[in-house]
2 protein chains.
Amino acid sequence: MVTIRDVAKRAGVGVGTVSRVLNNSANVSAQTRLQVLAVIDELNFRPNPIAQRLPRQETLTIGVILPFFTFPFFVNILEGIHAEISEAGYDLLVMNVDSPEKSEQYFGKAVFGRRFDGVIVVTLPLSDQYVELFAKNDLPVVLVDSFHPQISAITVNNVVGGALATQHLIDKGHTKIAYIGDNQNDLFGFHTTQLRLHGYQQTLRDNGIAPNPNWIFQGNQGKGSGVQGANYLLSQDPTPTAIFAYSDTVALGVVEVAEERGLRYPNDFALIGFDDIEISQYIGLTTVRQPMQEMGKQGARQLINLLAHPSDVKAIELPLQLVERKSTNFIRG
Amino acid sequence: MVTIRDVAKRAGVGVGTVSRVLNNSANVSAQTRLQVLAVIDELNFRPNPIAQRLPRQETLTIGVILPFFTFPFFVNILEGIHAEISEAGYDLLVMNVDSPEKSEQYFGKAVFGRRFDGVIVVTLPLSDQYVELFAKNDLPVVLVDSFHPQISAITVNNVVGGALATQHLIDKGHTKIAYIGDNQNDLFGFHTTQLRLHGYQQTLRDNGIAPNPNWIFQGNQGKGSGVQGANYLLSQDPTPTAIFAYSDTVALGVVEVAEERGLRYPNDFALIGFDDIEISQYIGLTTVRQPMQEMGKQGARQLINLLAHPSDVKAIELPLQLVERKSTNFIRG
DNA sequence: CTGTTAGCGCTTTCAT
DNA sequence: ATGAAAGCGCTAACAG
C-alpha cells in the first residue's frame with residue numbers, strides 16, 4: 001500500500017506539499033505540483049479516504065433513513081437523492097427501516113455515530129426530541145415527504161392531493177365516493193393518510209355532498225388495505241360508485257378484488273390512486289402524481305446547501321398533478 | 001465531543017482499558033468493565049467509527065456496484081444484500097451505474113479507493129483485468145447474476161431459463177414462437193440475452209422445430225425493445241403465435257403495442273416473460289421467476305464468508321421456476 | 001489485568 | 001513556497 005509518505009519521499013518533497021497538491025490548495029509552485037503529480041501517477045497513489053476523514057473531521061457521507069426500501073415510491077425518491085449526492089462527491093449510506101425498532105436504531109446511529117455530515121429522512125416523522133439532538137450535534141437534516149417546522153423539508157400538499165382526486169371524481173359525475181386509507185405506517189408515525197382523507201371530506205362538503213362514514217375504510221397493509229377495503233365497500237348498501245385509494249398500491253388491491261368478482265373499471269366503478277408509480281400506467285389507473293424523483297433531488301440539494309450554510313432552513317412544497325387514465329374515464333350515457 | 005480519553009480519565013483508567021471494554025476483549029476485570037461501562041453511559045460516549053477504522057485497517061463497509069438501480073429486478077437483489085449486510089454490522093455503499101463511464105469509475109473507486117472490505121457486483125461482468133486488480137489488493141468480490149471462473153458467483157442458469165420458457169410455450173401447443181431480446185446492456189457487457197436466446201433455439205430444435213430467424217428480434221432498450229419487437233413481429237408473414245420476451249419489462253412493451261392494436265392474450269397470442277417482477281402478477285403474465293432477493297442474500301453471505309476465509313471461492317446456481325398465469329393459458333378448442 | 005506508547009494515513013498549523 | 005511536527009480518535013503491542 002502506497003502512502004503519502006512514499007510519494008513525498010520519491011518526489012523529494014515533504015508530505016505537507018503532497019497533501020497540498022492533493023487538495024489543490026494554493027501555495028505550491030507549478031514546478032513542484034507537476035513533479036508531485038507525476039510521482040502520484042507513477043506510483044498510482046490514491047489517498048486513503050478514511051485517513052483523510054479523521055483529521056478533517058468530516059465523513060463525506062450522507063445518511064438516508066427511509067422505510068420500505070423496495071416500494072416504488074421510495075425507490076424513486078432514493079434515486080433522486082443518490083443522483084445529487086454522488087454528483088456532489090458524497091457517499092450515500094442507506095438505512096432501510098422495516099420495523100419500528102430499526103427506526104429508533106438508525107436515528108440513534110445517525111445522531112450519535114459521527115458517521116454522517118448530514119442526514120435525509122424520508123417519510124418518517126422527526127420527533128422534537130431528535131430535532132433537538134440533531135441541532136445539538138450540529139448535524140444538518142432534511143425531511144422529504146415529512147415535516148417539522150424547524151427543519152428543511154420537501155413536501156407535497158396531501159390535503160390538496162386528496163381534494164384533487166375527489167374533485168376529479170365529482171367532476172366525472174360521481175357522488176357516492178369512498179375512501180380507502182392505509183394505516184400501515186401508523187407504527188412508524190406517518191400521517192399522510194389522514195391528510196388525504198381530510199382533503200377528501202372537505203371537497204365532498206364543498207360540493208354539497210355529505211361524507212358517508214360507511215364509505216371510509218382504513219386498512220393497514222398496503223395492497224392488503226385495498227383488498228380489505230374493496231371487500232368491505234362491496235358489502236355496504238348502497239355501494240359507492242367511485243373509490244379514492246390512498247395510494248396506487250392500495251388501488252392495486254382494489255383491482256385484485258374487483259377482478260375476482262368480475263368487476264372492471266371504468267364501467268363498473270371508478271378508481272383513482274395516488275403517487276403514479278410505474279405500474280399505474282400499465283393498468284390504466286388515474287392517479288395523483290407525486291414528483292418522487294424531484295423530491296429526492298431537491299432534498300439532497302437542500303442538504304448540500306445546509307452543509308455550507310447551516311442556518312439556511314427552508315420548506316419547499318412541490319406540486320401534485322392529476323394524471324387521468326381510463327380508470328375514471330367512464331362517461332355516463 | 002466526548003472521546004475515549006475523556007472516558008478513561010473520568011473512570012480513572014487508561015485508554016487501553018476503555019478500548020478493551022469497547023471491543024469486548026478479554027483481560028479486563030468485571031469490576032473495571034462495569035465501572036467503565038457506567039462512565040460510557042454517563043457521558044453518552046460512542047466511539048468515532050472513522051477513528052476506529054484507521055488503525056484497524058478495515059472500513060467495515062461493503063460496496064455494491066449495480067446498474068439501473070430503480071429496476072425492480074435490481075431493487076429486489078439489493079434488498080436481499082442490504083438485509084444480510086446490515087445484519088452483519090457492515091455499512092452498505094451503493095454505486096448505481098447508469099452509464100458505461102460510471103461503471104469504470106466505480107470499479108476504480110472500489111479497487112483503488114481502500115473504501116471497502118469487500119465488493120458485490122450485480123449483473124455487470126468482471127473483466128480479467130479487474131479480477132487481477134481485486135486479487136492484488138486482497139479485496140474480496142462476489143458476483144451476483146454474473147460470472148467469472150475465479151470469483152464467487154451467484155447465478156441462475158439462463159440457458160435453462162430460456163429452455164423452460166420455450167418448452168412451456170411448445171407444451172401449450174405453439175410452434176410459431178418468437179423471441180424478443182434486449183441488447184440494452186451490451187454497452188455494459190451483459191450477455192444474458194444471448195444465453196436465453198440459446199436456450200430458446202436449442203429447445204425448438206429438440207422439439208423438431210426449426211428456429212425462424214425472422215422471429216428473432218434484438219431490441220436495445222427495456223420496454224422499448226418490446227415495443228419495437230412487437231411491431232416488427234406483427235409485420236412478419238407469417239406472424240408468430242407466441243412470444244418469449246427476454247424480461248418482464250420487455251413483455252410490458254409487447255403488451256402496450258398489443259393493446260394499441262386491439263390484441264389481447266391469451267386469445268390472440270401467448271406471451272411469456274422472465275424475472276417475475278411485481279407487476280407481472282397484476283397483468284397475468286406467465287414468466288420464469290428468478291429468486292431475486294435470495295440471490296442478493298446469498299451473495300452477501302458469500303462475501304461475508306470470504307472476509308473470514310479469503311480463499312473459499314464458490315459458485316452457486318439458484319433454481320429458476322416457471323410461474324404460469326393467464327398470458328399463456330389459452331386452450332385451443 | 002492494566003497503563004503507556006507507538007502508530008494508522010492524512011491535514012494543517014507553524015516556522016522558515 | 002515548503003518542510004517539520006503536532007494531532008484527528010482509536011487500536012494494539014509492550015511492559016509490567
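Computation of the quantities below employed the complete heavy-atom set of this structure, encompassing side-chain atoms and omitting hydrogens, waters and symmetry-equivalent molecules. Only a predicted model underlies this, so the values are computations on that prediction, with no experimental measurement involved. Naming: A, B, ... by sequence-line order, numbering from 1 per chain.
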Inter-residue atom distance B:Ser25.OG - B:Arg33.CZ, 0.5 Å rounding: 7.0 Å
Positional range of nucleotides in DNA chain D within the contact set of chain B, heavy-atom, under 4.0 Å: D:dG9 to D:dA13
Atom-to-atom span, CD1 of B:Ile4 to P of C:dT4 - whole angstrom: 14 Å
Between A:Tyr130 and A:Phe107, ring centroids under 6.0 Å: yes
Distance-only side-chain donor-acceptor flag, A:Arg56 / A:Asn23, under 3.5 Å: yes
C:dG3 phosphate, OP1 or OP2, under 4.0 Å from B:Thr17 side-chain N/O: yes
Sugar-phosphate, base or nothing in reach of B:Asn48, heavy atoms under 4.0 Å: sugar-phosphate
Residue-phosphate contact under 4.0 Å: A:Thr3 side-chain N/O, C:dG9 OP1/OP2: no
Exam field: side chain A:Ser86 to backbone A:His82, donor-acceptor pair closer than 3.5 Å: yes
Toward the 5' end of DNA chain C, by each residue's nearest nucleotide, B:Arg20 or A:Pro49: B:Arg20
Test item: A:Arg115 and A:Thr61 side chains (from C-beta on) under 4.5 Å apart, heavy atoms: no
Close residues, residues 28-45 of chain B, relative to DNA chain D [heavy-atom separation under 4.0 Å]: B:Phe45
Sugar-phosphate, base or nothing in reach of B:Val13, heavy atoms under 4.0 Å: sugar-phosphate
Interatomic distance, A:Thr59 atom OG1 to B:Asn48 atom CG [nearest 0.5 angstrom]: 9.5 Å
Nucleic acid contacts - residues 50-59 of chain B versus DNA chain C, non-hydrogen atoms under 4.0 Å: B:Leu54, B:Pro55, B:Gln57
Between C:dT11 (P) and A:Arg5 (CZ): distance, integer Å: 13 Å
First of B:Gly16 and A:Pro47 reached from the 5' end of DNA chain C, by closest nucleotide: B:Gly16
Salt-bridge contact A:Arg53-A:Asp117 (side-chain N to carboxylate O under 4.0 Å): no
Spatial distance of atom CZ (A:Phe74) from atom CD (A:Glu79) [nearest 0.5 Å]: 15.5 Å
Any B:Asp145 side-chain heavy atom under 4.5 Å of B:Thr155 side chain: no
N/O donor-acceptor pair under 3.5 Å between A:Thr70 side chain and B:Asn76 backbone: no
A:Arg10 bridged to A:Asp6 by N-O distance under 4.0 Å: no
